[in-house]
2 protein chains.
Amino acid sequence: MSPYDPSAFPPFAVTVDLVVLTVRRHALCALVVRRGEQPFQGRWALPGGFVRGDEDLAAAAARELAEETGLCAHDPDSPASTPGAHLEQLATYGDPRRDPRMRVVSVAHLVLAPDLPAPRAGGDANSARWATVEDLLSQEGGFGREGEQSTPLAFDHARILGDGVERARSKIEYSSLATAFCPPEFTVGELRRVYEAVWGVALDPRNFHRKVTGTPGFLVPSGGTTTRQGGRPAQLFRAGGATVLNPPMLRPEV
Amino acid sequence: MSPYDPSAFPPFAVTVDLVVLTVRRHALCALVVRRGEQPFQGRWALPGGFVRGDEDLAAAAARELAEETGLCAHDPDSPASTPGAHLEQLATYGDPRRDPRMRVVSVAHLVLAPDLPAPRAGGDANSARWATVEDLLSQEGGFGREGEQSTPLAFDHARILGDGVERARSKIEYSSLATAFCPPEFTVGELRRVYEAVWGVALDPRNFHRKVTGTPGFLVPSGGTTTRQGGRPAQLFRAGGATVLNPPMLRPEV
DNA sequence: GCAATAGTGTCTATTAGACAGTATCGC
DNA sequence: GCGATACTGTCTAATAGACACTATTGC
């Protein structure tokens, strides 16, 4: 067969799946939706859907994100987009048997978002929720915050979620992306709690403060202060222009 | 439309494209093939082809690699594969207009290989060659080593190649992947020349030697020595078991 | 000897990590 | 006052980078 014979290619469906991460109550959480149909009916899955015929992959991911959360994604590769959550391509999953019905290639995307109000999913408020990554990835399922048992995720979504979490854990080391988990204005302590939740470690508040305020372009003071965390008023910052951190934040050893 | 109605998805073609990098004569080079048909007939392009209906994405990439180079890819994610070149998924490109004939989503893969004999491409030795990354990515095309002008790469392959080069440049900082550019046994000086070619910088041989031999698990002595680089005989090493380098190699500032 | 590469030692400026101590809020 | 968090300063061990020096080959 000719390498580009348009009439001779096998038919594929192409979807986007979203790993939407946020930090809630000092825990790294992901957005999951309940499947209403077979296969895996009733199980939790990552949000996602088909790429339309005239739609770019990043556009499809941003559309699905808006449909599920109302978030406006900020794709660093596309020039003009309203500020909001960070969106980037994660990886593509194409095992021939990953969907029992047909050949589906899924282009997974990673979204990092600040703590949000309750998710919505097409008007059915009960069909989407935040769950801790720990619960979703524990082998037997574990228990959600309402005491509801989390069965394993549908399809290969546990692997996709694991890859997304690993990407987030490593990217906040050498980029300023941890600020994507924070509201527009935030304190050094709030940023530290993001690192602690994503990495699952405790960091020295004093050395952390010295490190982030000493990294050029990471944070810019916004002028105000807040006492929303209690204690002495803390200076408020915005994300600076730097995207790459040099020197990087160092993740403590195991 | 139901989010998973099997009869209602738009038809996509899915291909794999390969960014095959090697170091030749102190320069980072990529494998390109000449297109025999429209569009972009006669232009250079990255090797690649359709994913078969029952084939995983990584398997398709390994098959294309073997067809183009005879290399056996070593995918770190798959358990048993003959040692050879390193292969990993790079990114997926799905702009609706990236191929003028139809909707093609391409899952690009990155291959890092030691210096190889001349490439082959389906028996037609003239239709595949190594070109320096510098020539391929220079805006106007530049000149290849035979003095032949390199026109810009077909499709969006210049962008894919640029992304692959950037991935390679950053991955050799914090992983042991630079050894994938070396033969099974190599000297510290040969490894240093890999870093210098990929990063395009000059490194201090003495500090480099101290750094790589002091990083646990990076290199293991094989016992032999060689004088193939001239000068005092150099100890031969193999790649050690470590995949992540801690501390990382530091790329000098611009 | 001379050129080339390999390998070791030494000094210095920088920094990560540990931790003392002070500042400023709510209660 | 007390508890909490924010911030600044200090010490030490480790290290990146610069560079002097020696070792061992081919010619």
Side-chain angles (χ1 to χ4, degrees), chain A residues 23 25-26 172-174 182-183 185-197 199 201-238 245-254, chain B residues 23 25-26 172-174 182-183 185-197 199 201-238 245-254:
Chain A
V23 174
R25 301 191 195 85
H26 295 202
I172 65 173
E173 290 188 55
Y174 57 88
C182 295
E185 294 198 336
F186 53 90
T187 70
V188 173
E190 289 162 352
L191 183 64
R192 176 171 48 83
R193 278 178 273 276
V194 164
Y195 275 91
E196 291 179 331
W199 284 345
V201 298
L203 300 174
D204 185 296
R206 299 160 292 185
N207 291 334
F208 183 87
H209 191 284
R210 176 161 45 88
K211 182 69 182 269
V212 296
T213 54
T215 299
F218 194 4
L219 303 181
V220 292
S222 75
T225 59
T226 181
T227 59
R228 62 186 172 218
Q229 300 290 339
R232 169 177 166 179
Q235 211 177 345
L236 283 170
F237 293 88
R238 297 180 187 277
L245 298 186
N246 206 330
M249 303 294 298
L250 289 188
R251 183 171 168 184
E253 313 282 320
V254 185
Chain B
V23 174
R25 300 190 197 85
H26 294 202
I172 65 173
E173 290 188 56
Y174 58 88
C182 296
E185 294 198 338
F186 55 89
T187 70
V188 172
E190 289 163 352
L191 183 65
R192 175 171 49 82
R193 279 179 272 276
V194 165
Y195 275 91
E196 291 178 332
W199 284 345
V201 297
L203 300 174
D204 185 295
R206 300 159 291 186
N207 291 336
F208 183 87
H209 191 284
R210 176 161 45 88
K211 182 70 181 268
V212 296
T213 55
T215 300
F218 194 4
L219 302 180
V220 290
S222 74
T225 61
T226 182
T227 60
R228 62 186 172 216
Q229 300 289 341
R232 169 177 167 180
Q235 211 177 343
L236 284 169
F237 293 87
R238 298 178 186 278
L245 297 186
N246 204 328
M249 303 296 297
L250 289 188
R251 173 159 35 162
E253 311 284 320
V254 185

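Only heavy atoms go into these numbers, but all of them, side chains included; no hydrogens, no water, no symmetry mates. In what follows, chains are A, B, ... by sequence order, proteins preceding strands, each numbered from 1.
Residues B:Val188 and B:Phe208 come closest through the heavy atom pair O-CE2, 3.6 Å. For the residue pair B:Asp204 and B:Arg206, the shortest heavy atom distance occurs at OD1-N, 2.8 Å.
An OP1 or OP2 oxygen of D:dA6 is reached within less than 4.0 angstrom by no side-chain nitrogen or oxygen of A:His209. For D:dT5, neither phosphate oxygen OP1 nor OP2 lies less than 4.0 angstrom from any side-chain nitrogen or oxygen of A:Arg192.
Distance A:Leu236 CG to D:dT5 P: 17 Å, rounded to the nearest Å. Between the CG atom of A:Leu203 and the P atom of C:dG17 there is a distance of 9 Å, given to the nearest Å. Nucleotide D:dA6 holds its C1' atom 10 Å from the CZ atom of A:Phe237, rounded to whole Å. Put simply, CG on B:Asn246 is 14 Å from P on C:dA16, counting in whole angstrom units. In this entry the distance linking NZ of A:Lys211 with C1' of C:dC19 reads 18 Å, nearest Å. Distance, A:Leu191 CG to D:dA6 P: 12 Å, rounded to whole Å.
Scanning for side chain to side chain contact (heavy atoms under 4.5 Å, CB included) contacts around B:Pro247 gives B:Lys211, with sequence neighbours left out. For the side chain to side chain contact (heavy atoms under 4.5 Å, CB included) test, residues two or more places apart in sequence or in another chain that qualify with A:Asn246 are B:Glu253. A search for side chain to side chain contact (heavy atoms under 4.5 Å, CB included) contacts involving B:Pro205 returns B:Arg192, not counting sequence neighbours. For B:Ser222, the side chain to side chain contact (heavy atoms under 4.5 Å, CB included) partners are B:Glu185, B:Leu236, B:Arg238, not counting sequence neighbours.
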| message | For A:Tyr174 and B:Glu173: C-alpha separation, side-chain torsions, deciding distance, then whether side-chain contact (heavy atoms from CB on, under 4.5 Å) applies. | response | CA-CA 12 Å; A:Tyr174 57 88; B:Glu173 290 188 56; over 6 Å; no

| task | Begin with the C-alpha distance, continue with both residues' side-chain angles, and end with the deciding distance and a verdict on side-chain contact (heavy atoms from CB on, under 4.5 Å) for A:Leu191 and A:Leu219. | result | CA-CA 10 Å; A:Leu191 183 64; A:Leu219 303 181; 4.2 Å; yes

Identify all pairs in which a protein N or O lies below 3.5 Å from an N or O of nucleotides 17-21 of chain D, and state each distance.
residue: D:dG17; atom: N7; partner: B:Arg210; partner atom: NH2; Å: 3.3
residue: D:dA18; atom: N7; partner: B:Asn207; partner atom: OD1; Å: 3.3
residue: D:dA18; atom: N7; partner: B:Asn207; partner atom: ND2; Å: 2.8
residue: D:dA18; atom: N6; partner: B:Asn207; partner atom: OD1; Å: 3.3
residue: D:dA18; atom: N6; partner: B:Arg210; partner atom: NH2; Å: 3.2
residue: D:dC19; atom: N4; partner: B:Asn207; partner atom: OD1; Å: 3.3
residue: D:dA20; atom: N7; partner: B:Arg206; partner atom: NH1; Å: 2.8
residue: D:dA20; atom: N6; partner: B:Arg206; partner atom: NH1; Å: 3.2

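In this structure, B:Glu196 contributes its side chain and B:Leu203 its backbone to a donor-acceptor pair below 3.5 Å.
In the region residues 226-234 of chain A, proximity to DNA chain C at under 4.0 angstrom, judged on heavy atoms, holds for A:Gly231, A:Arg232, A:Pro233.
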